[in-house]
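Because the structure is a prediction, the values reported are computed rather than measured.
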Amino acid sequence: MVKDMNNKSLQWIVAPLLEWYGEQARVLPWRENSDPYRVWVSEIMLQQTRVEAVIDYYQRFMESFPNIETLAAAPEEKVMKLWEGLGYYSRARNLKKTAEVICEQYSGMFPEEYSEILKLPGIGKYTAGAVSSIAFGQPCSAVDGNVLRVITRLEENDTDIKDEKFKKQIGERLEEVYPAGYCSEFTQSLMELGATVCVPNGEPKCEKCPLKSGCGAYKNNTWQNYPVKQMKPQRKKINKTVFILSAGDKIAVRHRDEQGLLAGLWEFPNIDRKMTEEEAGRWLEQKGIEVIQIEKYKTAKHIFTHLEWYMNCYHIVCKEINDTFEWVSKEELNNEVPLPTAFRKCL
């Protein structure tokens with residue numbers, strides 16, 4: 001049940017947050033300017049991903065696609081290759097799709113209105129709010145896990161943060177106190193506080209917090225209790241057998257389905273069960289592959305949001321290339337083929 005907090009103003013957090021942010025904000029490449037394209041790309045990359053992991057990806061992406069037009073015109077394979085390792089690959093596809101829409105419908109200019117930004121592929125309320133406030137200086141809140149953690153600890157609010165009505169209520173309360181002329185800084189200060197001080201894992205760094213004087217969780221030492229969120233369902237465990245097939249200087253790959261997990265990316269041939277070496281040999285025979293040598297290569301594990309893969313990897317030296325699969329060189333595999341991290345772990 002959502003607690004009714006509408007009668008409590010958040011005005012008191014504005015001044016100390018802005019002062020703290022002005023002094024303590026991290027230097028990050030997407031903060032060099034407020035260009036909406038740069039802000040948008042950074043926000044998409046940062047979803048479900050740590051800042052430290054994003055920086056190099058962001059810089060490489062901007063070097064290859066410095067503006068909306070270059071991204072819209074880029075081959076999808078190149079976009080996916082630059083995204084390789086970041087995961088949640090639908091984000092990359094939506095980036096390219098959105099760039100195309102902006103070029104076609106908005107003459108290459110990022111729309112300024114929140115309602116128009118929200119219509120773009122792959123953009124939800126959080127991202128629309130972030131771009132509107134950071135790039136265009138509008139009083140639009142961007143309520144993510146960092147913001148919800150900060151607010152629920154300040155107010156010792158035990159409402160489930162997955163509750164959409166609660167998120168909406170927090171966003172509305174924040175928008176009531178957005179400071180004119182400092183909307184960009186206010187949005188980023190809340191994000192920054194949650195990322196660096198009121199941290200998601202481990203004890204918060206309360207001694208560094210500009211809001212500790214009014215924080216209920218600090219006063220009562222109850223930070224461990226907030227935020228409250230529903231338990232995640234257990235991840236499904238899947239055993240896989242993965243085949244690294246090599247013939248001369250070529251390695252076999254194949255395209256994944258266009259729908260579902262890792263849609264449209266490349267993979268090594270694999271099957272969803274654990275195979276002994278003898279069973280693997282029979283599978284290869286059924287595929288018409290003449291084997292010179294087969295060896296158990298390694299066991300690898302990869303965790304997705306809802307799945308865990310346990311992969312038995314075999315290295316197969318083949319007599320010749322088989323037309324069942326695509327065959328690429330190691331150079332192509334490293335530089336051109338977008339191969340998900342899960343399968344790179346098998347190399």
Side-chain angles (χ1 to χ4, degrees), residues 41 43-50 53-54 56-58 60-61 64-65 71 74-100 121-124 127 232-246 250-275 280 283 287 297-316 322 324-347:
V41 171
E43 288 300 331
I44 299 297
M45 283 191 168
L46 287 164
Q47 292 170 13
Q48 309 286 342
T49 312
R50 293 177 299 108
V54 165
D56 289 344
Y57 280 95
Y58 179 82
R60 286 194 295 268
F61 201 88
S64 296
F65 314 123
L71 177 56
E76 185 175 287
E77 289 272 290
K78 184 176 181 182
V79 177
M80 301 307 285
K81 182 63 182 175
L82 282 169
W83 200 270
E84 183 183 285
L86 268 179
Y88 302 93
Y89 289 89
S90 60
R91 296 182 297 170
R93 284 197 181 83
N94 281 328
L95 272 174
K96 176 168 166 53
K97 190 186 298 183
T98 295
E100 292 169 353
I123 292 186
T127 305
K232 291 182 180 178
Q234 267 199 326
R235 284 189 292 261
K236 182 179 178 182
K237 295 177 172 59
I238 296 177
N239 287 311
K240 297 181 79 69
T241 300
V242 180
F243 299 93
I244 313 296
L245 305 173
S246 62
K250 301 288 187 178
I251 296 172
V253 293
R254 67 185 183 190
H255 241 134
R256 288 180 65 82
D257 291 340
E258 292 299 326
Q259 301 293 326
L261 184 69
L262 304 177
L265 299 176
W266 293 85
E267 67 178 1
F268 295 127
N270 65 88
I271 191 166
D272 280 353
R273 67 184 179 88
K274 186 175 181 179
M275 284 182 166
W283 185 85
K287 297 292 182 184
Y297 193 47
K298 67 186 295 187
T299 300
K301 175 184 176 182
H302 190 76
I303 296 175
F304 298 94
T305 305
H306 305 298
L307 295 173
E308 292 181 15
W309 280 3
Y310 294 85
M311 298 173 283
N312 276 336
C313 309
Y314 287 97
H315 178 213
I316 318 296
N322 177 294
T324 305
F325 307 110
E326 299 281 338
W327 297 78
V328 298
S329 67
K330 290 181 180 178
E331 184 179 356
E332 289 172 317
L333 193 63
N334 287 331
N335 299 323
E336 297 176 25
V337 176
L339 187 73
T341 301
F343 291 105
R344 287 213 175 267
K345 289 181 177 179
C346 297
L347 286 174

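Nearest heavy-atom pair across Trp83 and Tyr57 is O-CE2, 4.0 Å. Nearest heavy-atom pair, Pro269 versus Ala252, reported as atom, atom and distance to 0.1 Å: CD-O, 3.6 Å. Between Cys346 and Met311, the shortest heavy-atom distance links the atoms SG-SD, 3.9 Å. The heavy-atom pair separating His315 from Ser246 by the smallest distance is NE2-OG, 3.1 Å. Residues Ala92 and Met80 come closest through the heavy atom pair CB-SD, 3.8 Å. Considering all non-hydrogen atoms of both residues, Lys96 and Pro75 come closest at CE-C, 4.5 Å.
Atoms CG and CG, on Leu262 and Leu339 in that order, are 9.5 Å from each other to the nearest 0.5 Å. Going from atom CD1 of Ile303 over to atom OH of Tyr310 covers 6.5 Å, rounded to the nearest 0.5 Å. Here Glu100 contributes atom CD and Asn94 contributes atom CG; the two are 11.0 Å apart, rounded to the nearest 0.5 Å. Going from atom CD1 of Ile44 over to atom CG of Leu86 covers 12.0 Å, rounded to the nearest 0.5 Å. Put simply, CZ on Arg344 and CG on Asn334 are 5.5 Å apart, with the number rounded to the nearest 0.5 Å. Here the CD-NE2 distance, from Glu267 to His255, works out to 10.0 Å after rounding to the nearest 0.5 Å.
Partner of Phe243 under the ring-ring contact (aromatic ring centres under 6.0 Å, His included) criterion, out of Trp283, Tyr297, Phe268, Phe325: Trp283 alone.
Taking 4.5 Å as the limit, every side-chain heavy atom of Arg273 sits out of range of all side-chain heavy atoms of Asn239. Taking the side chain as every heavy atom from C-beta outward, Leu347 and Leu333 approach each other to under 4.5 Å. Counting only heavy atoms from C-beta outward, the side chains of Arg256 and Phe343 approach each other to under 4.5 Å. Within the 4.5 Å cutoff, the side chain of Asn270 has no heavy atoms near those of the Trp309 side chain. In this structure, the side chains of Lys240 and Asp272 come closer than 4.5 Å at one or more pairs of heavy atoms. Side-chain contact between Arg91 and Thr49 is present, with heavy atoms from C-beta onward closer than 4.5 Å. By the 4.5 Å heavy-atom criterion applied to side chains, Ile123 and Glu43 are not counted as neighbours. Counting heavy atoms from C-beta on, the side chains of Lys287 and Asn322 never come closer than 4.5 Å.
Under the 3.5 Å distance criterion, with hydrogens and angles disregarded, a donor-acceptor pair is assigned to the side chains of Tyr88 and Thr305. In the model, Trp266 has no side-chain atom that pairs as donor or acceptor with a side-chain atom of Glu336 under 3.5 Å.
Of the possible donor and acceptor atoms, one in the side chain of Lys298 sits under 3.5 Å from a partner among the backbone N and O of Lys345. Between the side chain of Thr241 and the backbone N or O of Asn312 there is no donor-acceptor pair closer than 3.5 Å. At distances below 3.5 Å, not a single donor-acceptor pair connects side-chain atoms of Asp257 with backbone N or O atoms of Gln259.
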Derivation of the side-chain contact (heavy atoms from CB on, under 4.5 Å) call for Lys301 and Lys237: CA-CA 10 Å; Lys301 175 184 176 182; Lys237 295 177 172 59; over 6 Å; no
side-chain contact (heavy atoms from CB on, under 4.5 Å) evaluation trace for Leu245 with Tyr314: CA-CA 8 Å; Leu245 305 173; Tyr314 287 97; over 6 Å; no
Trace of the side-chain contact (heavy atoms from CB on, under 4.5 Å) decision for Leu95 with Phe65: CA-CA 11 Å; Leu95 272 174; Phe65 314 123; over 6 Å; no
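With respect to Glu84 and Lys81, a salt bridge is recorded, a charged nitrogen being found less than 4.0 Å from a carboxylate O.
Aromatic pair His306/Phe304: centroids not less than 6.0 angstrom apart.
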